[in-house]
Amino acid sequence: MEAAFAGAAHIVEGHFSTQRQDHAYLEPLACAAEVANDGTVTVWMPTQAPFETREQLTKVLDLPREKVRVIATPLGGGFGGKMEITLEGSRPSPRW
């Protein structure tokens, strides 16, 4: 590193910040869920972290881990944006 600095034409130091950035995945947020007769909830969704998603859903739904199953569907690219639950933990529209 010292050699690189010594050979550099310019060195710029300081604190730099930018506005908040969002992940630019192309596919829309979507999921499907089913509740079995025994109370097991199965959720199909494009996710980068199915086990973390299951943990989050157990808290939102107040269910034990063995009653929540997450099936990761093909993911077209998440770039870190599909690591946490979004609409999976929301309530359905009243019109449903």
Side-chain angles (χ1 to χ4, degrees):
M1 190 166 89
E2 306 246 347
F5 277 159
H10 301 283
I11 297 175
V12 179
E13 295 185 47
H15 176 82
F16 305 93
S17 62
T18 184
Q19 64 195 26
R20 180 185 163 103
Q21 299 295 313
D22 200 5
H23 305 287
Y25 48 82
L26 298 177
E27 63 195 358
L29 294 173
C31 73
E34 174 184 63
V35 180
N37 290 335
D38 68 353
T40 299
V41 176
T42 302
V43 180
W44 292 266
M45 56 181 282
T47 179
Q48 292 173 264
F51 297 106
E52 176 58 27
T53 298
R54 180 182 63 186
E55 291 303 312
Q56 292 175 22
L57 286 173
T58 61
K59 291 174 179 62
V60 170
L61 301 172
D62 193 27
L63 290 171
R65 185 179 295 133
E66 62 272 8
K67 290 288 186 180
V68 179
R69 182 176 180 212
V70 173
I71 299 175
T73 60
L75 181 68
F79 312 105
K82 297 198 174 181
M83 300 283 288
E84 300 165 341
I85 62 172
T86 52
L87 56 93
E88 298 85 4
S90 62
R91 296 183 185 272
S93 168
R95 63 192 156 137
W96 291 0

K67 side, atom NZ; R54 side, atom CZ - distance, nearest 0.5 Å: 14.0 Å

Working to the nearest 0.5 Å, report the span between CG of L61 and CD of Q56. 11.5 Å

Are W44 and I85 connected in a single hydrophobic cluster, I mean Ile/Leu/Val/Met/Phe/Trp/Tyr linked by side-chain heavy atoms less than 4.5 Å apart? no

Do F51 and V70 belong to the same hydrophobic cluster, where Ile, Leu, Val, Met, Phe, Trp and Tyr are linked whenever their side-chain heavy atoms lie under 4.5 Å apart, directly or via other members? no

Can you list everything that forms a side chain to side chain donor-acceptor pair (under 3.5 Å) with Q48? Sequence neighbours excluded, please. none

Shortest non-hydrogen separation from [X] to [Y] and the atoms involved:
X	Y	result
K82	T47	O-OG1, 3.4 Å
M45	A30	CB-O, 4.0 Å
P46	T73	N-OG1, 3.0 Å

Can you tell me if R69 has over 12 outside heavy atoms packed within less than 6.0 Å of its CZ? no

Could you list the residues that satisfy side chain to side chain contact (heavy atoms under 4.5 Å, CB included) with P74, not counting sequence neighbours? none

Name each donor-acceptor pair under 3.5 Å that joins a side chain in residues 35-42 to protein atoms two or more places apart or in another chain, with its distance.
| from | atom 1 | to | atom 2 | distance (Å) |
| --- | --- | --- | --- | --- |
| D38 | OD1 | T40 | N | 2.9 |
| D38 | OD1 | T40 | OG1 | 2.9 |
| D38 | OD2 | T40 | OG1 | 3.2 |

Kindly write out the residues that satisfy salt bridge (Lys or Arg N to Asp or Glu O under 4.0 Å) with E55, not counting sequence neighbours, or none if the list is empty. R65

Cut-off 3.5 Å, no hydrogens considered: what does the side-chain donor-acceptor table look like for residues 5-19, sequence neighbours left out?
none

